[in-house]
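Side chains are part of it too, since the values below use all heavy atoms of this structure and drop only hydrogens, waters and symmetry mates. These numbers come from a predicted model, not from an experiment.
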Amino acid sequence: MSYITMEIWTGIWILVRLLPTALIIFAGVMIIELGIEFIQKKKIEIRILNCLCQFLWILIIVSILKITGNYISNF
């Protein structure tokens with residue numbers, strides 16, 4: 001297996017391992033957003049594409065922090 005292929009599989013493995021962490025952070029963000037909308041008495045709208053983009057953004061940020069060593073975890 002070539003070095004590049006090995007690095008790609010390592011990156012995919014990191015993404016898979018960080019899915020639960022990103023999901024927990026995403027749930028917290030959604031609770032805060034919905035709470036703010038509820039307090040402001042706005043109509044609560046959940047857009048699937050918006051939620052997917054937010055989750056992927058959180059996953060990418062957590063993955064970058066893990067790869068660069070700025071993420072303290074035992075994963």
Q) Out of curiosity, Ile61 CD1 to Ile58 CD1, how far, rounded to the nearest 0.5 Å? A) 9.5 Å
Q. To the nearest 0.5 Å, what is the distance between CZ (Arg47) and SG (Cys53)?
A. 12.0 Å
Q.
So for atom CD1, which belongs to Ile4, do other residues, nucleotides or ligands contribute more than 12 heavy atoms lying within a distance under 6.0 Å?
A. no
Q. With the 4.5 Å side-chain cut-off for hydrophobic clustering, are Leu59 and Ile67 part of the same group?
A.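 In one cluster with Leu59: Ile67, yes.
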Q) Which other residues belong to the hydrophobic cluster containing Ile64, where Ile, Leu, Val, Met, Phe, Trp and Tyr are joined when side-chain heavy atoms lie under 4.5 Å apart, directly or via other members? A) Ile60
Q. Do Ile12 and Trp9 touch side chain to side chain, with heavy atoms closer than 4.5 Å?
A.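 Yes - at least one pair of side-chain heavy atoms lies under 4.5 Å apart.
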Q) How about Glu33 and Gln54: do any of their side-chain heavy atoms sit closer than 4.5 Å? A) yes
Q. Checking side chain to side chain contact (heavy atoms under 4.5 Å, CB included) against Phe55, which of Val29, Leu19, Ile25 comes through?
A.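 With Phe55 as partner, Val29, Leu19, Ile25 yield a single side chain to side chain contact (heavy atoms under 4.5 Å, CB included), made by Leu19.
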Q) If you look at every heavy atom in Ser63 and Leu18, which pair is closest and at what distance? A)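 Taking Ser63 first and Leu18 second, the nearest heavy atoms are CA-CD1, 3.5 Å.
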**Q.** Partners meeting side chain to side chain donor-acceptor pair (under 3.5 Å) with Lys42 (sequence neighbours left out)
**A.**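 For Lys42 the side chain to side chain donor-acceptor pair (under 3.5 Å) partners, ignoring immediate neighbours, are Gln40.
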